Amino acid sequence: MSKIVFLGTGGGRVTTMTQLRSTGGIYLELSGTRIYLDPGPGALVRARSAKIPLEKLDAILVSHNHIDHLNDAAVLVECMTRGVREKRGVFAAPVSVLGSKEIPAEIPKYHREAPEKTIEVKPGMRFKVNDVEVECTRALHTDEFTVGYRFFAEKTISYPADTVFSKEVARAHKGADILILNCLYLVNENKCKDVEFAKHMDVDDAIKFVKHIKPELCIIQHFGMGMIRAGPWTQAEHIEKETGIKTVAARDGQVFDVGGECAKKEGLEKFRKD
Ligand SMILES: [Zn+2]
């Protein structure tokens with residue numbers, strides 16, 4: 001069985017500080033392979049409440065060096081390596097997280113060296129976690145080393161991470177069955193400006209991504225305050241109307257069964273009703 005568990009559907013600084021939506025990231029269980037994606041603040045606590053077996057994690061993947069994506073990564077490495085007693089699991093992150101001679105690391109050396117394998121990811125790179133093939137994709141974000149991830153399992157699951165729209169970014173995710181979009185903004189008025197929080201996805205970007213990628217199902221998450229106030233479900237409906245692709249807004253703690261027909265309406269009702 002394969003599933004996606006949303007342990008936090010919030011993103012951006014105010015949502016993170018207030019925890020109006022949790023920021024615990026995403027847990028994927030794909031044909032028995034356990035992957036934790038972008039463990040932001042609250043990942044450990046939310047995962048424990050949801051009874052996620054953190055000692056059995058096969059991989060922890062981080063897309064970039066912002067706190068709402070990596071805050072709990074080190075403590076999850078401790079869980080995956082059973083208290084840094086067993087050299088096991090994969091830890092994958094870009095150089096902006098792992099560090100180099102020029103770039104300071106965001107994760108202590110102790111944790112970088114604890115897993116069986118620590119991979120410095122770059123766009124275009126592919127690696128395997130058990131039987132699941134993972135592809136890293138380019139993203140256009142304020143951390144220039146940000147990567148998106150694509151998982152080839154029972155279904156192809158695409159996670160472009162924090163990025164604004166570009167045809168090049170979208171192309172790398174074509175053919176995805178399930179597309180998970182970090183739709184932070186309702187309207188991103190800063191998109192073309194050179195400021196720290198400019199390069200985040202808004203609803204217009206999400207519509208463009210869905211139109212280009214044409215997934216079976218789009219799940220939006222990583223909501224900033226504007227999205228939360230507007231009601232993410234209303235925005236999911238708007239995206240669906242504009243694209244003709246089934247779109248849902250994830251809620252904290254939701255479990256999505258990856259198997260079967262993604263776009264089948266019955267299976268998605270729980271998303272609508274919480
Ligand atoms: Zn970010």
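Note that this is a predicted model, so its numbers are computed, not measured. Remember, it's 1-based here, ligands and their atoms both numbered in the order they're listed.
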Using a distance threshold of 2.8 Å, state whether an N, O or S atom of His200 lies below it from the Zn ion (ligand 1). no
Sub-4.5 Å side-chain heavy-atom contact between His200 and His141: yes
What about the rings of Phe165 and Phe209, do their centers lie closer together than 6.0 Å? yes
Among the N/O/S atoms of His64, select the one at the shortest distance from the Zn ion (ligand 1) and name it. NE2
Please walk me through it: do Met80 and Arg88 pass side chain to side chain contact (heavy atoms under 4.5 Å, CB included)? CA-CA 7 Å; Met80 182 171 74; Arg88 60 180 301 282; 3.8 Å; yes
In sequence, state the C-alpha distance, the side-chain angles, and the governing distance for Arg48 and Glu55, and then conclude on salt bridge (Lys or Arg N to Asp or Glu O under 4.0 Å). CA-CA 11 Å; Arg48 286 297 180 209; Glu55 289 75 17; 2.7 Å; yes
Examine Asp162 and say whether one of its N/O/S atoms is closer to the Zn ion (ligand 1) than 2.8 Å. yes
Which single N/O/S atom of His66 lies at minimum distance from the Zn ion (ligand 1)? ND1
Looking at Lys117, I'd like to know if its NZ atom is crowded, meaning that more than 12 non-hydrogen atoms belonging to other residues, nucleotides or ligands lie closer than 6.0 Å. no
Return yes when at least one N/O/S atom of His69 is nearer than 2.8 Å to the Zn ion (ligand 1), and no when none is. no
